[in-house]
*Asks:* 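Can you keep this structure in mind? I'll have questions shortly.
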Amino acid sequence: QVELVESGGGSVQAGASLKLSCIASRRHTCMVWFRQAPGKEREGVAGLYVNEDSTTYADSVKGRSYIAHDKNKNALTLQMRSLKPEDTAMYYCAAGEDCNGGFPTPGSRIWGQGTQVTVSS
């Protein structure tokens with residue numbers, strides 16, 4: 001069974017906005033967005049505790065991204081604005097029950113298949 005399904009990626013011009021979505025098949029303690037650009041390590045972008053208002057953002061997206069959880073749809077979203085070419089990456093949703101700072105610990109993460117975001121200058 002596929003537990004996390006992402007959508008919303010695409011190819012946009014610099015300065016545009018995108019909203020990524022991740023539908024989960026069940027409730028998790030925390031959910032997070034990671035991204036991985038070609039040749040680079042996967043990095044955490046933003047995370048939250050599902051039952052709290054606590055969120056965490058990477059410095060690279062802070063102030064122009066907003067992470068939220070829709071409890072009715074059990075969906076995690078990431079609204080990104082003022083996109084830059086350096087935001088180009090595959091974006092992955094992850095979830096878990098053992099969490100630290102809104103991010104699931106490495107041993108507890110489950111992953112979605114990813115959605116590609118490409119930002120051209």
Side-chain angles (χ1 to χ4, degrees):
Q1 179 184 3
V2 177
E3 295 202 48
L4 301 173
V5 180
E6 301 100 327
S7 62
S11 296
V12 297
Q13 296 285 324
S17 299
L18 276 177
K19 186 175 184 178
L20 307 182
S21 181
C22 172
I23 305 294
S25 61
R26 59 184 175 91
R27 187 67 61 90
H28 296 280
T29 301
C30 60
M31 297 184 74
V32 62
W33 288 98
F34 282 84
R35 67 185 181 186
Q36 187 166 22
K40 295 187 177 181
E41 293 186 357
R42 192 171 294 189
E43 65 167 340
V45 176
L48 59 70
Y49 285 97
V50 168
N51 292 321
E52 302 175 15
D53 292 330
S54 175
T55 58
T56 303
Y57 295 92
D59 288 342
S60 57
V61 302
K62 193 175 295 182
R64 57 189 186 92
S65 295
Y66 178 70
I67 188 171
H69 182 262
D70 184 330
K71 291 178 173 55
N72 292 327
K73 299 179 180 179
N74 206 15
L76 181 74
T77 59
L78 181 68
Q79 178 76 49
M80 298 187 294
R81 58 181 177 84
S82 301
L83 284 163
K84 307 173 183 179
E86 50 264 44
D87 292 318
T88 295
M90 183 70 81
Y91 283 70
Y92 297 92
C93 175
E97 318 315 320
D98 183 24
C99 307
N100 183 14
F103 281 69
T105 55
S108 74
R109 290 172 194 161
I110 60 170
W111 295 95
Q113 82 287 353
T115 185
Q116 178 69 38
V117 172
T118 302
V119 184
S120 56
S121 57

*Asks:* Any chance NZ of Lys40 has more than 12 other-residue heavy atoms, nucleotides or ligands included, within less than 6.0 Å?
*Replies:*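 Counting other residues, nucleotides and ligands, NZ of Lys40 stays at 12 neighbours or fewer.
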*Asks:* Tell me the closest heavy-atom pair linking Ser17 and Ser82, and the distance in Å.
*Replies:*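 Taking every non-hydrogen atom into account, OG-N, 4.3 Å.
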*Asks:* Checking one residue: Tyr49. Which other hydrophobic residues are in its cluster under the side-chain 4.5 Å linking rule?
*Replies:*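 ILVMFWY cluster around Tyr49 holds nothing else.
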*Asks:* Going from OG1 on Thr55 to CD1 on Ile67, what distance comes out if it is rounded to the nearest 0.5 angstrom?
*Replies:*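 So the OG1 of Thr55 and the CD1 of Ile67 are separated by 7.5 Å.
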*Asks:* Salt-bridged, Arg35 to Glu6, with N to O below 4.0 Å?
*Replies:*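 Glu6 and Arg35: not salt-bridged.
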*Asks:* To the nearest 0.5 angstrom, please state how far the CD atom of Glu3 sits from the CD1 atom of Ile23.
*Replies:*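 These two atoms lie 14.0 Å from each other.
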*Asks:* Within the distance-only criterion (no hydrogens, no angle test), does the side chain of Arg26 pair as donor or acceptor with the backbone N or O of Asn74 below 3.5 angstrom?
*Replies:*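 Judged by distance alone, no pair lies under 3.5 Å.
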*Asks:* Is there a path of hydrophobic side-chain contacts, each under 4.5 Å between heavy atoms of I, L, V, M, F, W or Y residues, that connects Met31 with Ile110?
*Replies:*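 Hydrophobic grouping puts Met31 with Ile110.
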*Asks:* Taking only residues two or more places apart in sequence, or in another chain, which ones meet Lys84 in a salt bridge (charged side-chain N to carboxylate O under 4.0 Å, His left out)?
*Replies:*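 Once residues adjacent in sequence are excluded, Lys84 has no partner under the salt bridge (charged side-chain N to carboxylate O under 4.0 Å, His left out) criterion.
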*Asks:* Would you say Leu18 ends up clustered with Tyr57 if hydrophobic residues are merged whenever their side chains have heavy atoms under 4.5 Å apart, either directly or through other cluster members?
*Replies:*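 In one cluster: yes.
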*Asks:* Could you go through the side-chain contact (heavy atoms from CB on, under 4.5 Å) check for Arg42 and Met90 one step at a time?
*Replies:* CA-CA 9 Å; Arg42 192 171 294 189; Met90 183 70 81; over 6 Å; no
*Asks:* Does Asn51 reach the side chain of His69, with side-chain heavy atoms less than 4.5 Å apart?
*Replies:*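 Contact flag for Asn51/His69 side chains = no.
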*Asks:* Is any side-chain heavy atom of Thr115 closer than 4.5 Å to a side-chain heavy atom of Ser7?
*Replies:*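 Not touching, per the 4.5 Å side-chain cut-off.
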*Asks:* Look up atom CG in Leu78 and atom SG in Cys22, then write down how far apart they are to the nearest 0.5 Å.
*Replies:*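 The CG atom of Leu78 sits 11.0 Å away from the SG atom of Cys22.
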*Asks:* At what distance, to the nearest 0.5 angstrom, does CG of Leu76 lie from CG of Leu4?
*Replies:*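 Those atoms lie 9.0 Å apart.
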*Asks:* Are Met80 and Asp87 packed together at the side-chain level, in the sense that at least one heavy-atom pair is separated by less than 4.5 angstrom?
*Replies:*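 Counting from C-beta outward, Met80 and Asp87 never come under 4.5 Å.
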*Asks:* Counting C-beta onward and ignoring hydrogens, is there a side-chain heavy-atom pair between Trp33 and Cys93 closer than 4.5 Å?
*Replies:*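 Trp33 reaches Cys93 side chain to side chain.
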*Asks:* As an exercise, state the distance from OG of Ser60 to CD of Glu86, rounded to the nearest 0.5 Å.
*Replies:*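 Going from OG on Ser60 over to CD on Glu86, the span is 9.0 Å.
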*Asks:* Are Ser108 and Glu97 packed together at the side-chain level, in the sense that at least one heavy-atom pair is separated by less than 4.5 angstrom?
*Replies:*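 No, too far: nothing below the 4.5 Å cut-off.
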*Asks:* Treat each ILVMFWY residue as a node, draw an edge where side-chain heavy atoms are under 4.5 Å apart, and state whether Tyr66 and Val45 are in one component.
*Replies:*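 Same hydrophobic cluster.
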*Asks:* First locate atom CG of Leu20, then atom CD of Gln79, and finally report the distance between them rounded to the nearest 0.5 Å.
*Replies:*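 Leu20 atom CG to Gln79 atom CD measures 8.5 Å (nearest 0.5 Å).
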*Asks:* Compare every heavy atom of Pro85 with every heavy atom of Ser120, then report the nearest pair and how far apart it is.
*Replies:*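 The answer is C-CG, 4.5 Å.
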*Asks:* Which atom names give the shortest non-hydrogen contact between Ala89 and Gln116, and what distance separates them?
*Replies:*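 In this case the closest contact between Ala89 and Gln116 is O-NE2, 3.3 Å.
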*Asks:* Tell me the closest heavy-atom pair linking Cys30 and Pro104, and the distance in Å.
*Replies:*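 Taking Cys30 first and Pro104 second, the nearest heavy atoms are SG-N, 3.4 Å.
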*Asks:* What are the two closest non-hydrogen atoms of Phe103 and Gly44, and how far apart are they?
*Replies:*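 Nearest pair, atom of Phe103 first, then Gly44: CE2-CA, 3.6 Å.
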